[in-house]
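Since the structure comes first, as structure tokens, the remarks are kept for the end.
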Protein chains: 2
Amino acid sequence: MPVKNPGLKSAASSTVEDYLERILELINSKGYARVVDIAAALEISQASVTNMVQRLDAERLLKYEKYRGLVLTEAGEKLARRIAHRHRLLTEFLKLLGLDDRVICHDVEGMEHHISVPTLRAIEALTRQLRRRPALRAQLETALV
Amino acid sequence: MPVKNPGLKSAASSTVEDYLERILELINSKGYARVVDIAAALEISQASVTNMVQRLDAERLLKYEKYRGLVLTEAGEKLARRIAHRHRLLTEFLKLLGLDDRVICHDVEGMEHHISVPTLRAIEALTRQLRRRPALRAQLETALV
DNA sequence: TAAATAAATTAGTCTTAACTAACTTTGCAT
DNA sequence: ATGCAAAGTTAGTTAAGACTAATTTATTTA
Ligand SMILES: [Mn+2]
Ligand SMILES: [Mn+2]
Ligand SMILES: [Mn+2]
Ligand SMILES: [Mn+2]
């Protein structure tokens with residue numbers, strides 16, 4: 001039977017993507033991701049994190065041992081890397097437009113969940129071109145009134 | 001006292017923005033926006049629309065008379081125009097990147113709710129530059145592998 | 001004008017994703 | 001070894017936003 005999802009719209013909710021992204025980030029930066037750290041990073045309560053971690057375990061995106069810790073599964077890490085990659089590319093792109101870091105962080109955190117593969121590739125290509133054309137970037141700044 | 005919202009993050013939810021956007025669109029195209037039309041446009045049930053319309057009335061974004069019809073208030077129309085404008089600019093931008101219409105529609109419908117004013121201005125400036133540099137646009141296409 | 005159809009509303013339910021408060025487990029210091 | 005603080009969990013609540021089914025109002029049509 002044919003697959004329901006023909007390319008667009010990702011499988012995981014924005015919320016799930018944000019959790020996975022932060023978990024991978026924590027694992028990469030300090031070797032592990034504890035509930036308390038995830039809660040701090042996402043600025044939500046520990047109870048909410050416990051809930052979600054149990055759900056992600058049920059969905060096989062990570063393996064979780066109560067009171068102990070968690071590790072991403074193959075599938076979970078793949079999803080996490082995918083969203084982290086979107087985050088990186090979007091951030092680089094907006095940086096080239098001369099935007100403020102706070103603005104970039106805010107907008108990317110929302111936009112990253114709504115960018116399909118073709119759009120991401122196009123933005124990637126545009127970023128490459130922008131990078132090698134300082135003159136164009138300069139004109140952008142002046143065009144901003 | 002200082003305002004809570006310092007520029008970023010809009011006042012209305014993505015959902016509210018989508019409703020207002022569609023309502024304005026319907027009013028512009030056929031003169032009025034009925035519950036049944038809004039429901040069809042958003043692909044949700046009429047019951048959901050009735051609920052939201054009553055809420056938007058309570059929030060003074062539109063004036064609603066049961067079983068009759070609705071008109072946007074000043075505030076509602078302003079919000080609607082703002083989101084419609086973001087939608088337009090993003091669409092034009094992605095169009096210049098050579099993306100497929102279906103992809104553009106999908107991505108814009110999500111991204112439009114997460115673009116702050118400075119980012120929108122930057123994308124607007126970039127769009128202007130892209131428009132006058134067909135060579136650059138051509139290179140984008142070939143860069144897409 | 002009366003019946004039939006279309007549009008709109010209400011009531012009740014569901015899911016997601018957050019919260020607080022209370023409780024349990026773990027790890028560290030004495 | 002015990003006791004305390006930090007971390008984690010559970011239970012119960014809330015809000016947004018969707019749904020279906022049943023009902024009511026408005027509009028068409030015969
Ligand atoms: Mn995000
Ligand atoms: Mn992110
Ligand atoms: Mn939208
Ligand atoms: Mn839109």
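Not measured: the values here are computed from a predicted model. We name chains A, B, ... by the order of the sequence lines, and we start the count at 1 in each one.
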Q) Is there a side-chain polar atom (N or O) of B:K66 under 4.0 Å from OP1 or OP2 of D:dT24? A) no

Q. Atom CD of B:Q46 and atom P of D:dA21: how far apart are they, to the nearest Å?
A. 14 Å

Q) Of A:Y19 and A:Y67, whose closest DNA chain C nucleotide lies nearer the 5' terminus? A) A:Y19

Q | Rounded distance (Å) that lies between atom C1' of C:dT16 and atom CG of A:L56 | A | 13 Å

(Q) My understanding is that only one of A:L20, A:L72, A:L56, A:L24 makes a side-chain contact (heavy atoms from CB on, under 4.5 Å) with A:L79; could you say which? (A) A:L20

(Q) One thing to verify: whether A:R137 and A:E141 come together as a salt bridge, which I'm taking to mean a side-chain N less than 4.0 angstrom from a carboxylate O. (A) no

Q. Is any side-chain N or O of A:Q54 closer than 4.0 Å to OP1 or OP2 of D:dG8?
A. no

Q: Can you tell me the distance, in whole Å, between the CD atom of B:E43 and the P atom of D:dG17?
A: 18 Å

(Q) I need the CD1-P distance between A:I38 and D:dG8, as an integer number of Å. (A) 9 Å

Q) Any donor-acceptor pair under 3.5 Å linking the side chain of A:T91 with the backbone of A:H87? A) yes

Q.
Using whole Å, what does the distance between atom C1' of nucleotide D:dA16 and atom CE of B:M52 come to?
A. 8 Å

**Q.** Sole candidate of A:D37, A:I27, A:I23 that passes side-chain contact (heavy atoms from CB on, under 4.5 Å) when paired with A:Y32
**A.** A:D37

Q: Whole angstrom is fine here: how far is it from NE2 in B:H113 over to C1' in D:dA16?
A: 15 Å

Q: Return the value, rounded to whole Å, for the distance between atom CD of A:E65 and atom P of D:dG8.
A: 14 Å

Q. Below 4.0 angstrom from OP1 or OP2 of C:dA17, is there any side-chain N or O of A:S48?
A. no

Q: Provide, to the nearest angstrom, the distance between the CD1 atom belonging to A:I44 and the P atom belonging to D:dT14.
A: 20 Å

Q | Under 4.0 angstrom between B:S45 side-chain N/O and D:dC19 OP1 or OP2 | A | yes

(Q) I'd like to know whether CZ of B:R60 has more than 12 heavy-atom contacts from other residues, nucleotides or ligands below 6.0 angstrom. (A) no

Q) Which is true for A:T15 with a 4.0 Å heavy-atom rule: it touches a base, it touches only sugar-phosphate, or it touches nothing? A) sugar-phosphate

Q | A:R34 vs D:dA7: side-chain N/O to OP1/OP2 distance below 4.0 Å | A | no

**Q.** Among C:dC19, C:dT10, D:dT10, the one nearest A:A47 by side-chain distance
**A.** D:dT10

Q | Side chain of A:R55 - closest among C:dT16, D:dG17, C:dC19 | A | C:dT16

Q.
Is B:S13 close enough to D:dG17 that one of its side-chain N or O atoms is under 4.0 Å from OP1 or OP2 there?
A. yes

Q) Among D:dA26, C:dT16, D:dA7, which nucleotide sits nearest the side chain of B:R68? A) D:dA26

(Q) Given C:dA8, C:dC19, D:dG8, identify the nucleotide with an atom nearest to the side chain of B:V36. (A) C:dA8

